[in-house]
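Heavy atoms only: backbone and side chains are in, while hydrogens, waters and symmetry mates are out. Quick note on labels: first sequence line is chain A, next is B, and so on, each numbered from 1.
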Amino acid sequence: MTSPTRDRRATTFFLGFLVVALLVAGGLSYFASGDPDGLDTVTLTGCQLDDEGEPLSGSCIANSAEDHALADSPFADYAVGGGEGTVGIAGVVGVLVTLAVAGGLFWVLRRRDPQ
Amino acid sequence: MALAMHMSDGLVSPQTALVFGVIAAIGLAIAASRARSDLDDRTAPMAGLVTAFVFAVQMINFPILPGASGHLLGGAIVAILVGPWVGSICIAIVLVVQALLFADGGLTALGTSIVNMAFLGVFTAYGVALVLRRFARRSRAGLLVTAFVAALLNVVVASLGFVLQYAVGGAGEVGLGTVFALMVGLHTLIGVGEGVITAATIGAVAATRPDLVYLLRGSRPPVEVRGRRTEGAPS
């Protein structure tokens, strides 16, 4: 059977894993590069960009991109209400929401061992 | 600052988006039924945490070239830690949360993104990990090399998924050869970064809780872990 010691060790490991995720999303995210990622670099190829990094002129794949249907939502673009310097808060919210959704789904899906 | 990381709506035709949406939905239904046997009281919370971790690390864009960055996709992390079926659901959940909560990745593009990262990426990584499994189980160095190679190829193959979708129904006049060369070139560089991050992550988990690493299950377990494994073995 699962011993209390093992339970505690597992809990410690899981808590540590969560703390790392929160530190990455809540702190390290401030140091993330703001340059376009691999896909965006490709879709922007052929266009001149404005100061915001949006295509200004030329012919590129990103010209066909449509605005996001939820672009006005409270956490859009990993900011809280569009505020500067809020990426860490958005990141922490994202980690907790992701954990709740994934943890909840996997807990429901899990195999129950016969007692 | 633009932290958008995934395909926007409109990059491929509506028909293409629909086809890949259907493929993604079927894939996720199969994954959900197959994932059950890999989930128990111990691995279910682990899978939830791995998903949250992938969300966090995806936010960290690292520079690859002047003016270009890359970020983790996470296919190899999930494939090695929780297996391909659970892992594909992990990545799909991250993509759904990003699209719905953070307006990152178009809603109609979700199917294309899920096919690329949750299926092509994860199963490529798992395939590599299976081929190298003997090596990965033998030594720590073997495990780290396996994680690196699985992560690198996961990124490159996921990027080829976009090239395929662009070939099928892409918008715009940019030539397919250009798109192919740029996607593979940039994502090989990103894959090196993903390989390093993946190896560090897998190495850290394997050093503390090797019993929670899917790829290492059933290999040289400590005695107390063997007891638990027997108890939790699939019937």
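- With a 4.5 angstrom heavy-atom cutoff, A:L105 touches chain B only via side-chain atoms.
- Remark: A:Y30 OH is packed, more than 12 non-hydrogen atoms of other residues, nucleotides or ligands lying under 6.0 Å away.
- Of the two parts of B:L107, the backbone and the side chain both hold a non-hydrogen atom closer than 4.5 Å to a non-hydrogen atom of chain A.
- A side-chain donor-acceptor contact under 3.5 Å links B:T108 and B:D9.
- Interface residue B:V86: backbone and side-chain heavy atoms are both found under 4.5 Å from chain A.
- If you measure heavy-atom distances from A:S59 to chain B, the contacts under 4.5 Å come from both the backbone and the side chain.
- For chain A, the nearby parts of B:L182 are the backbone and the side chain; heavy atoms of each come within less than 4.5 Å.
- The neighbour count for A:Q48 CD, taken as heavy atoms of other residues, nucleotides or ligands under 6.0 Å away, is above 12.
- In terms of non-hydrogen atom pairs under 4.5 Å with chain A, the most contact-rich of B:G70, B:A35, B:P63, B:A99 is B:A99.
- Proximity to chain A is limited to the side chain of B:L186, based on heavy atoms less than 4.5 angstrom apart.
- When the shell of 6.0 Å around CD of A:E66 is examined, it contains more than 12 heavy atoms from other residues, nucleotides or ligands.
- Options A:T43, A:L28, A:L44, A:I61 differ in how many heavy-atom pairs under 4.5 Å they form with chain B, and the most are formed by A:I61.
- Contact count versus chain A (heavy atoms, under 4.5 Å) is highest, among B:L65, B:V174, B:L49, for B:L49.
- A 6.0 Å sphere centred on CG of A:D50 holds more than 12 heavy atoms belonging to other residues, nucleotides or ligands.
- With no hydrogens or angles considered, a side-chain donor-acceptor pair links B:Q58 and B:H6 at under 3.5 Å.
- In this structure the side chain of B:F162 never reaches within 4.5 angstrom of the side chain of B:F180, judged on heavy atoms.
- In terms of heavy-atom pairs under 4.5 angstrom with chain A, the leader among B:V96, B:I93, B:V94 is B:I93.
- Between B:D40 and A:R112 there is no salt bridge, since no side-chain nitrogen of the basic residue lies less than 4.0 Å from a carboxylate oxygen of the acidic one.
- Counting heavy-atom pairs closer than 4.5 Å to chain A, the top residue among B:I190, B:I64, B:I89 is B:I89.
- Using a distance-only test at 3.5 Å, with no hydrogens or angles considered, a donor-acceptor pair links the side chain of B:E194 to the main chain of B:G74.
- Contacts of B:S8 with chain A are made by side-chain atoms alone, with heavy-atom separations under 4.5 Å and no backbone atom involved.
- Chain A forms the most heavy-atom pairs under 4.5 Å with one residue out of B:M7, B:E173, B:M183, and that residue is B:M183.
- Contact tally against chain A (heavy-atom pairs below 4.5 Å) for B:A171, B:G67, B:S159: the top residue is B:G67.
- For chain B, the nearby part of A:A71 is the backbone; its heavy atoms alone come within less than 4.5 Å.
- The backbone N or O of A:L109 sits less than 3.5 Å from a side-chain atom of B:R36, completing a donor-acceptor pair.
- Only the side chain of B:L212 comes within less than 4.5 Å of a heavy atom of chain A; its backbone N, CA, C and O stay farther away.
- Both the backbone and the side chain of A:F14 come within less than 4.5 Å of a heavy atom of chain B.
- No other option in A:A76, A:A100, A:G26, A:G103 has as many heavy-atom pairs under 4.5 Å with chain B as A:A76.
- A donor atom on one side chain and an acceptor atom on the other are found under 3.5 Å apart for B:S13 and B:T16.
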